[in-house]
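All remarks here apply to the structure that follows.
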Amino acid sequence: MEPYRAILLPGAVLPAHLAYKALIEALGPGVQAVAKELELYKTDEPPPGWTLDTEIDGVLREADQRGWQTFHLAGYSGGGAAALAFAAKHPERLQSLTLLEPAWAGNWDWSPAYAEHRKHYETLEALPPEQFMPAFMRLGVRPDVVLPPPEPGPPPPWMAQRPAGIRAFLRTFKDYDLDRSRLAAFSQPVFFALGGLSHPDEYGEVASRLSRVFFPDFHLEVFPHRHHFDPPHRIEPGLLAEGLLRHWASAEGRSSSNTATKQPDAAR
C-alpha cells in the first residue's frame, strides 16, 4: 500500500521542523510527511509583496518537486490560513484538508464577538518588541489561561524574524481575497482540531463558521486541555496522529484499521 503523502505548514512562530517533529514520529512509517517551512522566513525579512499567495506557490513547488499530483495538506495558525487559501485556489490537488486552529478564515460572516476580538490585533502594531509577543499570545487563549514565562537565556536566532512575520500575516489578512464561492465548492474531507483552552471568540468562532457555511464533510475534534500555544501536534501528537490517519484513510477510501500505530504522547 502506498504511504500517505502530506505537507504540514507551521504557524508564524516555531520553525516547521520543531513544530512537527513529534507528530511526524507519531504518524509512523506509513506517512510521507513533509514539514515545510513558510516562504515568509526564507529570508531575514518578509519578502517584498508577500501574501498568502506566496505560501500557496511554495506548497505547489514542494509538491511538484516530489512528483505529488495530489496530497493531504495540514496547516496550523498562520499556516492554517495558508492551507485554507490553497484549498480555495487548488482544490484539485488536495485529497483532504486539515486545519489546526487557522489564524484567519476570511473577512465575511464574522460574529460580533469575533469582530470585537479582532480589533485587539490592531493594537499590536504599536508595541515594542519585548511587549509584542506576550500580547500576541494572550489574545489566543481564554482569559483564565496562565501562559508559561519565556525560557531562560537568550532567544534562538530565528525568533528575531517572528514579530515582522506575524505583522506580515496580520497585514495580508486585512485585504486578502479568500474566495468564498470556491471554498463552498470544496468537497474533500476537512478535519479541524480545536483546543478547549483557546480563545472561543477566535478559534471556536472560526470552527463554527466554517462548519456552518462550508465543507459538507467536516469533522471537528476538540482537545479539551490544549490551547493555541501548546497545540496537540506538539503536546498530544499520538492522539492527533490517530485522528489524522482516520481522516486520511477516509479521504482515500482505505480501511483505517491498520493505519495507526499509537505512539506515546509527550504529555497528557
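Excluded from the calculations below are hydrogen atoms, water molecules and symmetry mates; all remaining heavy atoms, backbone and side chain alike, are included.
A ring pair (Phe, Tyr, Trp, His ring centres under 6.0 Å) with Trp104 is found for one member of Phe173, Tyr121, Trp110 and no other, namely Phe173. Under the salt bridge (charged side-chain N to carboxylate O under 4.0 Å, His left out) rule, Glu202 has a single partner from Arg209, Arg142, Arg118, Arg138, which is Arg118.
Heavy atoms only, all atoms of each residue included: Asp201 and Tyr114 are closest at O-CD1, 3.0 Å. Nearest heavy atoms, Val13 versus Met159: CG1-CE, 4.1 Å. In plain terms, the two heavy atoms of Ala12 and Ile166 that are nearest each other are CB-CG1, 3.8 Å. Considering all non-hydrogen atoms of both residues, Leu97 and His247 come closest at O-NE2, 3.2 Å. Considering all non-hydrogen atoms of both residues, Pro102 and Val206 come closest at CG-CG1, 4.0 Å. In plain terms, the two heavy atoms of Asp217 and Ser187 that are nearest each other are CB-O, 4.4 Å.
Remark: Gln65 CD to Leu60 CG distance equals 11.0 Å, nearest 0.5 Å. The line from CG of Leu23 to CG of Leu239 is 11.0 Å long, rounded to the nearest 0.5 Å. Rounding to the nearest 0.5 angstrom, the gap separating the CG atom in Leu147 from the CG atom in Asp230 is 9.0 Å. In this structure, the separation between OG1 on Thr98 and CZ on Phe192 is 11.0 Å, given to the nearest 0.5 Å. Distance CG/Leu100 to CG/Leu244: 7.0 Å, rounded to 0.5 Å. Atom CG of residue Leu84 and atom CG of residue Leu99 lie 5.5 Å apart, to the nearest 0.5 angstrom.
Here Lys42 does not pair with Glu37 in a salt bridge; the nearest charged N to carboxylate O distance is not below 4.0 Å. We find that Arg93 and Asp64 are joined by a salt bridge, their nearest charged nitrogen and carboxylate oxygen being less than 4.0 Å apart. Between Asp109 and Arg180 there is a salt bridge, since a side-chain N of the basic residue sits under 4.0 Å from a carboxylate O of the acidic one. Salt bridge annotation for Glu101-Arg226: absent, with no cationic side-chain nitrogen under 4.0 angstrom from a carboxylate oxygen. Ion pairing between a basic and an acidic side chain is recognised when a charged N comes within 4.0 Å of a carboxylate O; Glu122 and Lys119 show no such pairing.
Looking at heavy atoms from C-beta onward, Leu9 lies in side-chain contact with Leu73 at the 4.5 angstrom threshold. Between Arg171 and Glu125 the shortest side-chain heavy-atom distance falls below 4.5 Å. At least one side-chain heavy atom of Leu38 sits under 4.5 Å from a side-chain heavy atom of Glu55. The shortest distance between side-chain heavy atoms of Leu40 and Gln161 does not fall below 4.5 Å. Residues Trp108 and Leu178 are in side-chain contact: their nearest non-hydrogen atoms beyond the backbone lie under 4.5 Å apart. The shortest side-chain heavy-atom distance between Phe223 and Ile235 does not fall under the 4.5 Å cut-off. Counting heavy atoms from C-beta outward, Leu197 and Asp144 have side chains that stay 4.5 Å or more apart. Between Leu124 and Arg167, every side-chain heavy-atom pair lies at or beyond the 4.5 Å cut-off.
Judged purely by atom type and a 3.5 angstrom limit, Glu205 has no side-chain atom pairing as donor or acceptor with the backbone of Ala113. The backbone N or O of Phe169 lies less than 3.5 Å from no partner atom in the side chain of Thr172, so there is not a single donor-acceptor pair. With hydrogens and angles ignored, the 3.5 Å screen pairs no side-chain donor or acceptor of Asp57 with any backbone N or O of Thr54. Arg234 places a side-chain N or O within 3.5 Å of a backbone atom of Phe229 that can act as its donor or acceptor partner. Counting only distance, with no hydrogens or angles, the side chain of Thr123 and the backbone of His120 share a donor-acceptor pair below 3.5 Å. Judged purely by atom type and a 3.5 angstrom limit, Glu62 has no side-chain atom pairing as donor or acceptor with the backbone of Lys36.
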**OP:** For the pair Trp248 and Leu27, evaluate side-chain contact (heavy atoms from CB on, under 4.5 Å) and give the outcome as yes or no after the intermediate values.
**Re:** CA-CA 11 Å; Trp248 295 338; Leu27 287 169; 3.9 Å; yes
Subject >> Steps toward side-chain contact (heavy atoms from CB on, under 4.5 Å) verdict (Trp50, Thr43) >> reply: CA-CA 12 Å; Trp50 178 91; Thr43 53; over 6 Å; no
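Under the 6.0 Å cut-off for aromatic ring centres, His117 and His199 qualify, their centroids lying closer than that.
The ring pair (Phe, Tyr, Trp, His ring centres under 6.0 Å) pairs that include a residue from residues 76-100 are Phe71-Phe86, Tyr76-His228, Tyr76-His233, Phe86-His90, where partners are two or more places apart or lie in different chains.
Side chains of Asp53 and Tyr176: a donor-acceptor N/O pair is present below 3.5 angstrom, by distance only.
The neighbour count for Glu45 CD, taken as heavy atoms of other residues, nucleotides or ligands under 6.0 Å away, does not exceed 12. No more than 12 heavy-atom neighbours from other residues, nucleotides or ligands sit within 6.0 angstrom of CD on Glu2. Other residues, nucleotides and ligands place more than 12 heavy atoms under 6.0 Å from the CG atom of Asp175.
Ring planes of Phe191 and His219: tilted class, angle from 30 to 60°. Taking the six-membered ring for Trp and thresholds of 30 and 60 degrees, His72 and Tyr4 have ring planes more than 60 degrees apart, a perpendicular arrangement.
For the pair Arg162 and Tyr41, the cation sits on the ring face: its NZ or CZ lies under 6.0 Å from the ring centre, inside 45° of the axis.
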